[in-house]
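Just below is one structure, and these are the notes that go with it.
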Amino acid sequence: MTKVTAAITAVNGYLPDYILTNKELEKMVDTTEEWIISRTGIEERRLLKGEGKGSSDMAVEAVKGLLAKKGMLPTEIDLLICATVTPDLVFPATANITCDKLGATNAWGFDLGAACSGFIYAVTVASQFIETGKYKKVVVVGVDKMSSIIDYTDRSTCVIFGDGAGAVLLEPNQEGLGIMDSILKSDGSGRHYLHQKAGGSVKPASHATVDAKEHFVFQDGQPVFKAAVKGMADVSAEIMEKNNLSSEDVSWLVPHQANKRIIDATANRMGVGSDKVMLNIQRYGNTTSGTIPLCLWDYEKQLKKGDNIILSAFGGGFTWGAIYVKWAYNS
Ligand code: UT7
């Protein structure tokens with residue numbers, strides 16, 4: 001019997017309309033367009049504006065478009081996994097809220113928190129349900145409204161992040177295409193360098209935590225940068241080696257979009273030329289869980305059935321990892 005693999009059979013994205021440019025940021029904090037572009041590669045990012053709008057609203061738009069592409073009804077979804085660090089609420093899960101707003105009444109779902117590695121963690125989890133034959137249609141959404149946890153007076157973080165959502169559909173494949181392998185890692189001792197200090201069970205929200213701005217992202221950039229360069233490059237090289245892939249065999253690298261310099265270091269280590277590296281950080285910044293599916297969405301038309309693709313990420317936790325995908329369709 002042919003082995004069942006989990007294949008990505010559709011991809012879609014959603015970005016809010018509001019564009020925050022580097023020029024605009026120059027008016028808000030002590031920064032320059034030149035600094036932001038040369039240190040990160042980011043030219044602009046999108047923010048979700050509007051009272052009462054949260055991550056689920058972007059997730060819903062991304063999934064609606066996904067279903068439309070496949071001519072699928074929301075009721076056909078078996079499971080929806082939402083990767084996010086900016087859920088609508090602490091509970092219930094944004095996956096549940098998203099399913100309700102979509103009318104995905106036959107699906108169950110949950111949120112997965114692995115910061116910037118959330119999407120690759122979630123795809124790996126989702127693929128298990130397909131490979132075992134348990135489910136036929138699993139949606140993974142990577143979504144973050146980073147603007148909800150960013151201090152727009154802190155120049156070290158506010159220039160980096162943006163809002164957005166990307167979604168993929170996973171279905172069974174018997175042609176040897178889809179998710180071939182994944183390597184996932186974590187090291188909780190890295191948590192001190194990138195986290196949100198308050199709002200969890202250790203330090204619940206109080207007047208004092210709000211006054212101390214502890215509900216915003218805290219990042220000590222340099223240690224994270226160093227760990228990201230090593231982690232993403234090492235794991236990407238490791239998955240190539242494990243699957244006997246040479247740099248010529250790799251059609252595309254789909255890196256988490258945190259910093260253009262981290263992306264370049266990863267591509268160099270893999271021996272992959274810049275023409276094979278998906279890049280949209282210049283337009284969206286770091287959308288945390290959204291970066292990888294948004295790249296797949298932007299480059300979908302260039303992808304061909306059988307292409308060898310490496311997805312690679314590093315994020316808070318620390319969490320990191322890579323997935324080897326054989327692309328399953330021509331669009
Ligand atoms: O996605 C999840 C994982 N996150 C990452 O992978 C992010 C990893 N880290 C980074 O990408 C980089 O560390 C940053 C982009 C966050 C910062 O770049 P850097 O080259 O590491 O800068 P730095 O933190 O070493 O700061 C260098 C200088 C400092 O000034 P002094 O001390 O040299 O006078 C900063 O205060 O740049 C200053 N600086 C800025 N200057 C202008 C920091 N932010 C800004 C800014 N505009 N926005």
Side-chain angles (χ1 to χ4, degrees), residues 20-45 83-86 113-121 142-147 149-164 166 184-196 216-236 254-267 269 278-282 284-295 311-322:
L20 178 62
T21 62
N22 290 344
K23 281 278 170 232
E24 199 60 33
L25 280 162
E26 281 183 354
K27 294 182 216 152
M28 295 161 65
V29 288
D30 181 15
T31 192
T32 61
E33 177 154 46
E34 196 279 326
W35 190 97
I36 302 172
I37 292 178
S38 64
R39 294 296 183 118
T40 69
I42 301 167
E43 291 166 23
E44 58 187 43
R45 68 289 291 142
T84 188
V85 291
T86 51
C116 297
S117 309
F119 182 77
I120 61 168
Y121 270 45
V143 57
D144 271 301
K145 183 185 172 186
M146 293 306 292
S147 62
I149 53 168
I150 292 297
D151 174 3
Y152 284 93
T153 65
D154 174 10
R155 69 176 183 175
S156 70
T157 51
C158 74
V159 302
I160 299 169
F161 293 98
D163 302 340
L184 302 178
K185 310 209 181 209
S186 75
D187 174 6
S189 70
R191 67 190 180 281
H192 306 290
Y193 303 111
L194 178 52
H195 59 245
Q196 187 177 323
F216 294 124
V217 171
F218 166 84
Q219 176 167 257
D220 186 355
Q222 279 204 4
V224 180
F225 183 88
K226 280 187 199 144
V229 165
K230 180 161 170 37
M232 248 172 85
D234 282 356
V235 79
S236 306
V254 193
H256 168 54
Q257 311 279 305
N259 189 315
K260 170 92 167 41
R261 291 180 291 148
I262 300 172
I263 295 170
D264 291 345
T266 303
R269 174 73 185 282
M278 293 192 189
L279 198 72
N280 58 18
I281 191 172
Q282 66 281 11
Y284 312 144
N286 181 351
T287 55
T288 303
S289 309
T291 59
I292 291 178
L294 282 169
C295 273
L311 318 180
S312 182
F314 186 94
F318 292 139
T319 55
W320 67 105

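Nothing fancy with the numbering, it's 1 onward along the sequence. First listed ligand is number 1; within each ligand, the first listed atom is number 1. Worth saying up front: this structure is predicted, and the values here are computed from it rather than measured.
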- Query: For ligand 1, which part of Trp35 has a heavy atom less than 4.0 Å away: the side chain, the backbone, both, or neither?
  - Reply: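 Answer for Trp35: side chain.
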- Quick one: look at Ile262 and ligand 1, take heavy-atom pairs under 4.0 Å, and tell me if it's side chain, backbone, both or neither.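 Just the side chain.
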- Query: Any sub-3.5 Å donor-acceptor pair from Glu26's side-chain atoms to Glu33's backbone N or O?
  - Reply: yes
Below 4.0 angstrom from a heavy atom of [X], which ligand 1 atoms are there? Numbered from 1 as shown, please.
| X | value |
| --- | --- |
| Gly221 | 8 (C), 9 (N), 13 (O) |
| Ala258 | 1 (O), 5 (C), 6 (O) |
| Val224 | 3 (C), 4 (N), 5 (C), 6 (O), 8 (C) |
| Thr40 | 15 (C) |
| Cys116 | 1 (O), 2 (C) |
| Asn259 | 10 (C), 11 (O), 12 (C), 15 (C) |
| Val159 | 48 (N) |
| Ile160 | 16 (C) |

- Pick whichever of Asp30, Thr287, Thr31 has a heavy atom sitting closest to atom 47 (N) of ligand 1.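 The residue whose heavy atom sits nearest atom 47 (N) of ligand 1 is Thr31.
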Can you confirm whether some protein heavy atom lies under 4.0 Å from [atom], or whether none does?
| atom | result |
| --- | --- |
| atom 31 (P) of ligand 1 | no |
| atom 19 (P) of ligand 1 | yes |
| atom 5 (C) of ligand 1 | yes |
| atom 39 (N) of ligand 1 | yes |

- Query: Do any heavy atoms of Ile36 fall under 4.0 Å from ligand 1?
  - Reply: no
